[in-house]
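Take a look at the structure below.
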Amino acid sequence: MFLLLPFDSLIVNLLGISLTVLFTLLLVFIIVPAIFGVSFGIRKLYMKSLLKIFAWATLRMERGAKEKNHQLYKPYTNGIIAKDPTSLEEEIKEIRRSGSSKALDNTPEFELSDIFYFCRKGMETIMDDEVTKRFSAEELESWNLLSRTNYNFQYISLRLTVLWGLGVLIRYCFLLPLRFKEFMSKHVHLMCYRICVRALTAIITYHDRENRPRNGGICVANHTSPIDVIILASDGYYAMVGQVHGGLMGVIQRAMVKACPHVWFERSEVKDRHLVAKRLTEHVQDKSKLPILIFPEGTCINNTSVMMFKKGSFEIGATVYPVAIKYDPQFGDAFWNSSKYGMVTYLLRMMTSWAIVCSVWYLPPMTREADEDAVQFANRVKSAIARQGGLVDLLWDGGLKREKVKDTFKEEQQKLYSKMIVGNHKDRSRS
Amino acid sequence: MGSRSSHAAVIPDGDSIRRETGFSQASLLRLHHRFRALDRNKKGYLSRMDLQQIGALAVNPLGDRIIESFFPDGQRVDFPGFVRVLAHFRPVEDEDTETQDPKKPEPLNSRRNKLHYAFQLYDLDRDGKISRHEMLQVLRLMVGVQVTEEQLENIADRTVQEADEDGDGAVSFVEFTKSLEKMDVEQKMSIRILK
């Protein structure tokens with residue numbers, strides 16, 4: 001027992017010293033530069049080394065799987081089936097041509113084989129459709145040591161386990177408490193946002209900063225997670241528009257309102273589009289007020305596509321400054337599936353990811369032209385954002401996640417098909 | 001720790017499903033992943049609602065008929081049932097035609113079975129015949145409100161007359177097959193899964 005005591009205190013001392021050193025280092029390297037907006041290249045180094053480790057880990061896993069002769073599941077971002085992009089008309093004509101024994105001048109109106117087209121198309125969508133893909137978290141082709149993104153989790157060798165264990169330790173014991181402490185304190189807006197950005201180890205690349213939104217305008221961006229707000233706000237002053245949330249978000253919102261004029265709505269008010277439009281217009285017309293930050297999609301998409309923008313924000317008639325935000329999924333999946341996770345779970349996941357790496361592009365301002373209506377303008381902005389961010393431009397409403405699709409699309413298909421079978425009818429004599 | 005604690009290789013009855021449908025292990029994995037993506041509430045089976053949520057399927061004029069084909073009896077389809085239907089659309093490979101063991105049942109993706117799948121889409125009451133009335137209803141699904149009742153009846157009458165050989169006013173499966181004998185069914189009713 002006598003021997004234990006000196007050892008104990010030695011260890012305790014060592015621990016104490018190392019912890020103090022660690023915290024001081026972190027303090028110096030993170031908080032101070034954040035205040036002054038200066039950055040050391042440390043985060044870039046961190047990112048590079050992480051990438052190398054991931055690549056190695058994936059290779060190791062593949063080798064291990066081959067040795068045991070197991071099948072590895074490789075996610076496929078381009079879809080799992082081979083599709084030919086032909087139109088309804090072309091395909092049905094081809095089907096008829098290949099099966100018809102009739103002479104070509106006697107063009108048939110309807111064939112039993114027409115059903116094959118709809119049949120196959122339907123089956124293709126069951127196997128693989130664009131939208132359901134968008135709403136599950138983006139699949140990664142290499143493993144990033146977060147077991148949540150990896151489907152093949154069981155195929156790991158001992159070395160990998162150790163590395164993964166170390167990763168967990170680092171993430172949960174060091175990074176998390178530090179970030180949590182920093183995340184809760186807020187003084188001045190910009191400084192706070194910057195600290196958050198550093199705290200999440202977010203590495204953001206801003207492009208074209210000369211196009212940053214100015215007062216009296218509306219800033220429009222695609223929406224993947226609440227972190228979008230932090231990312232944009234750390235690079236400029238914005239007035240926020242949004243729903244009043246309960247819980248943690250609500251507390252933060254109330255704190256923010258005291259510092260800057262924002263526009264918050266109750267959930268019921270949101271349904272009243274005229275009220276929303278009126279308040280937004282008032283804000284925009286006051287030139288001294290900050291540009292409004294709006295995410296017109298209405299829900300979180302998983303950052304591979306830009307769903308249909310709701311037209312409300314585009315009716316107001318102010319200058320729109322589009323912004324494209326794209327996250328690099330290798331370092332941490334920023335997607336928030338609000339029907340699956342609550343806010344706190346999501347934040348926890350964010351903070352225990354390796355890093356958040358994203359790019360922000362400020363696009364040149366756009367205004368609505370005289371001959372286009374709000375919907376067309378919205379689509380134009382959406383295409384610009386999608387093109388810049390390399391995201392897939394989709395027609396589907398973001399509300400698809402919770403509701404079913406409207407019937408107008410089905411009618412279009414029916415119209416096309418009817419033209420095929422009835423259009424010819426006029427040429428034939430009635431039998 | 002993660003939200004997806006699934007283990008890819010452990011598909012229940014994986015081997016027997018593979019033998020029955022002829023899908024490769026890799027394809028089966030993909031389809032299993034797809035099955036789980038569609039099964040939003042993690043029930044372990046799919047209901048009609050799950051399939052109706054697929055936007056691109058909802059705009060297919062025959063979407064409901066296709067969904068119905070997955071539920072031959074009851075309200076649920078499990079993974080083997082799901083794959084069994086999809087197996088009809090597996091492309092025909094040379095190895096299938098070579099090993100024609102007469103004792104083994106016909107593969108699900110044979111020409112006959114592909115045609116039978118299409119036949120089922122028309123045959124609403126599953127009595128083995130497509131009556132004029134059923135033809136009319138399916139046509140109505142495909143054209144919506146764009147065509148008048150009279151035009152549609154003409155088309156239905158003509159189609160049934162041309163295919164009907166024994167004169168019973170309905171198209172049986174044999175007659176259906178005969179009228180499509182020149183059709184390259186194998187190619188038109190196949191979907192290739194990428195490796």
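Just so it is clear: chains get the letters A, B, ... in the order the sequence lines come, proteins before strands, and each one is counted from 1.
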So the salt bridge (charged side-chain N to carboxylate O under 4.0 Å, His left out) pairs with at least one residue in residues 55-75 of chain B (sequence neighbours excluded) are R48(B)-E68(B)
Which atoms of L57(B) come close to chain A, meaning under 4.5 Å heavy atom to heavy atom: side chain ones, backbone ones, both, or neither?
both
Can you tell me which portion of A156(B) sits under 4.5 Å from chain A's heavy atoms? Options are side chain, backbone, both or neither.
neither
Criterion ring-ring contact (aromatic ring centres under 6.0 Å, His included) against Y117(B), the qualifying member of F89(B), Y122(B), F176(B):
F89(B)
Under 4.5 Å from any heavy atom of chain A, what part of I66(B) do you find: side chain, backbone, both or neither?
side chain
Can you list the residues that meet the side chain to side chain donor-acceptor pair (under 3.5 Å) rule with D164(B), with sequence neighbours excluded?
none
Under 4.5 Å from any heavy atom of chain A - which part of I67(B):
neither
Measure centre to centre between the rings of Y417(A) and F118(A), then say whether the value is under 6.0 Å.
yes
Can you tell me which portion of T148(B) sits under 4.5 Å from chain A's heavy atoms? Options are side chain, backbone, both or neither.
neither
Report yes if some heavy atom in the side chain of F173(B) is under 4.5 Å from a heavy atom in the side chain of I130(B); otherwise report no.
no
Residue among L51(B), L139(B), V171(B) with most heavy-atom pairs under 4.5 Å to chain A
L139(B)
